[in-house]
Amino acid sequence: MDPRQRLFLIALTLLVLATRSYGITRPIKIGAIFHKGDEDHMSAFLKAISETRYEHLAPVFEFIPLIKYIDDDTDSFKTGQITCELLEEGVAAIFGPASPHTRGIVASIAARYEIPHIEYVWREKETVQAEMEENKISSMTINVYPDSEMVSQAIADVVDSMKWHRSVAIYENNEGLSRIQKALSVKQQKDNSISNSIIIRQLDDGKQYRPMLKEIRNSSIFNVIIDAKDPEKINDVLEQAKEIKLLGNYSNFVITYLDASKLRIPEIQNGTSANITGFNIKQNDVENITLIESAILYEAVFLLNKAIETLNSRNTDNDEPIRIDPVPLSCEQNQKYQAGPNITSIMRELSKMGKVTGVMNIDEYGRRRNFNITILDFRPDMIPIGYWDSNGLHPVQTEKDRESYLYKSIQDKTFIISTRVGAPYVMEVTDGQQRGYLIDHKYYEGYCIDLIAAIAEQLGFKYQYELVPGPYNGLIKRLVDRKSDLAICDLTITRERMNIVDFSLPFMNLGISILFSKPEEKRPELFSFLSPLSTDVWIYMATAYLGVSIMLFLQARMAPGEWDNPHPCNADPEELENNFDLKNSLWLTIGSLMQQGCDILPKAPSIRMLASMWWFFTLIMISSYTANLAAFLTAEKMDAPIKGVEDLAGQTKIKYGAVGGGATVAFFRDSNSTLYKRMYATMNEVRPSVFVKDNKEGVERVLNSKRTYAFLMESTSIEYETERKCKIEQIGTLLDNKGYGIALPRNSEYRIPINGVILKLGEKGELQKLKKRWWQENGGGQCKKDEEVKSATSELGIANVGGVFLVLGVGCVASLIVAIFEFLWNIRKVAVREKITPKEALIAELKFAVNIWATKKPVKIAKSSGASSLEGGLGRAASTARSIVGSFLRLDMLDKFDKDHNTNNRSNDRKIN
Ligand code: GLU
């Protein structure tokens, strides 16, 4: 049967019923206008009308429904005509229509003829006031549907409480759009950034929403507001969203439909972990009424009924009773319905008392200002999580309930954890053992693997890792796309990242610093003992030595005090001699230069003065040399070309870079400091690129670049590397202060529990232990050993003083050569004197020389006998002396004795003569 025919039949039945009633009940016509698609409303209306009859035991009035039906819900002209027709039939009130296009004309006719006009659908706020001001009449319209502005506010409050970041709003028609507009504008005002944008999409007329939903999914938006009039349409959208996997992890849906119990949410949501929030306006459940508007219409009929009854009972006490029974009116005349204004005012009055339908609080503008919306959550069953009234949003779930639900859900969940390989956070086990955690058929271990294990143990969740290749932000992308639940590695907490994901509390603190290779240790030079004085000074010193020695020699010849009597026993010597011949002068000066002194000392004042000046000179020179020698040998090691980031920025020889796309580069890029900005610009310009793919590559580049590349790296990673690679070191202090954290999808509820565990691990010292384990142990401390060895041998090595030994050696060899020459020279003299062949002399002397037990040297008896008796006698005396003095007396002294003896002979000869 055609719905129109069906309705007609119902109306007819009711009319027959009405005519059967007689006596005290007075029929009173109630008009209603419906359009195509309003069938549900119409049957609710008729149901209500018929049920009002059983409200009272002896009803005074009996409602007679007068229904007008217009196909076209945009035809306001026809609707106007129909309204006039209703007036002509004499109606006590008009319900509807629901269409926004035709309701205006009805409202204004009702206002003009003072017929109560009752609406039961969403009505935009502006239209109410605008119409009333325009017509300068008080409105006869009462809208029992919750006030639009307040419903918008409720939606806005709920959406706001979700703290969404990016969202999409799906609406069906303009009415829906205006309903969610407030939520959108509130959000837009709060976070005025592009990244917090809201996308708005309209539902197609057809039933295919997949393309639109796919588009939403591909843009990684997981927060969706759905506003549609028809619950079936909402179910369809949700079902299709589930099919295309938009209804997945961390996706949030808010369904603005005011009766969520009419939706199949629990069934659709089953098997997904989406978070769906629904609304439910408190309304009496009426059998066979599915739409929220119909339910409201149903109750409004009772409110009207009660109002008319109330007016009637007041009439009995009134001297001038108001005529309630409507009279036929005409749109051509000005006659009004007398009881109209009273009925509406009593309806308002009753709505405030809540006697009929619960407190509605309809105001002078006919707006329903009081209603209560329950906010529902569907995980896993439909439970109220809060309610909304004119005072705002009130959560009903206690913190404890929420917490216990959360902890339970954590234990049922298998977390997908994104990570990336990087020492010592996550490293492949390469020694073939089965330690750590199995990811893609390989075992991995490290600080982060241990940390996650500790957190999982505390919270009792299961987990699986996925390795994300590429830059660090790839991990963030996985979270944004809701492909994983956590991301952990040496992932720095930055403001930029915080805009799109959440971070746990930091589990490690660090800052940016410079990694650079240590200066190459210079091989100690052989003649490093010469370094304290420059070559010039050495030359000047040698010159001074020679100059002073010659001066000494010459001045001594001039100074009378230096001429001594060679034989003090002889008071009247014929000759005087001078100690300071050239040889002795050189000996004195070198002796004092070497701080050894000399047994020949000057006596003449001028020479003493000269000598003391030389001693003064040597004192200062030698002290300066000694002092400088130590400083000079250590200074070599402290040769560092850069001491901090300023030095790095102020030069071009050493290039510097960082991990491409990492937090360090972002620090330089976003910094306000001109120095850092300039450094960023420099890094960008340099070719080949100074950016590397990870820390490992950066460290290798520093090691291989021979001090032409410095790597800007995070201090914790620097610490790890410098524990193991002793050729590199950290230069300067930290440029900033930040931390590594575990990243989670935005608004992830797991953040709080994870934070709790991180704090606990920190307080118990577990984090520190873990750090020690992966930094110091497991191959750390390499360079400490090196340094210990070095500090133990910080004395000078043979390499440092080798030159001194060399000089000693060369000196010894030179003295040996001189000794050989002296020896040979003596052989020659012995051969001549003893008249033997040089060979015989050599053999004799050598034999004696190697016989080290012979401490006395026998004198060779001269073979010649031709010497004078005196000479012979003296010669013998000399030989005897030789034999006494033995080998320790130098032969040349004996020669001197010979010479003296000859001279004496000559002087004796002279005296005799
Ligand atoms: N930890 C950094 C990040 O999360 C990467 C390394 C760096 O930039 O120095 O991006």
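Both ligands and their constituent atoms are indexed starting at 1 by order of listing. Note that this is a predicted model, so its numbers are computed, not measured.
- Just one of E723, E729, E721 meets the salt bridge (Lys or Arg N to Asp or Glu O under 4.0 Å) condition when paired with K725; it is E721.
- Within ligand 1, counting atoms from 1 as listed, the ones closer than 4.0 Å to a heavy atom of G662 are 8 (O), 10 (O).
- The environment of K462 atom NZ is dense: over 12 non-hydrogen atoms of other residues, nucleotides or ligands sit within 6.0 angstrom.
- When only non-hydrogen protein atoms are considered, atom 7 (C) of ligand 1 lies nearest to T664 OG1, 3.0 Å.
- Looking at atom 2 (C) of ligand 1, its nearest protein heavy atom turns out to be T492 OG1, 3.3 Å.
- Atoms of ligand 1 lying under 4.0 Å from any heavy atom of D490, numbered from 1 in the order shown and given with element: 1 (N), 2 (C), 3 (C), 4 (O).
- Of all the listed residues (M713, R497, K738), R497 holds the heavy atom that lies closest to atom 4 (O) of ligand 1.
- For the residue pair T256/Y171, the side-chain donor-acceptor check at 3.5 Å is not satisfied.
- Applying the 6.0 Å contact sphere to NZ of K727 captures no more than 12 heavy atoms from other residues, nucleotides or ligands.
- Nearest protein heavy-atom contact of atom 6 (C) of ligand 1 is E714 OE1, 3.5 Å.
- Side-chain polar atoms of Y680 and S671 form no donor-acceptor pair below 3.5 angstrom.
- Backbone and side-chain nitrogen or oxygen atoms of L712 are examined, and none is located within less than 3.5 angstrom of a nitrogen or oxygen of ligand 1.
- Within 6.0 Å of CD on E239 lie more than 12 heavy atoms contributed by other residues, nucleotides or ligands.
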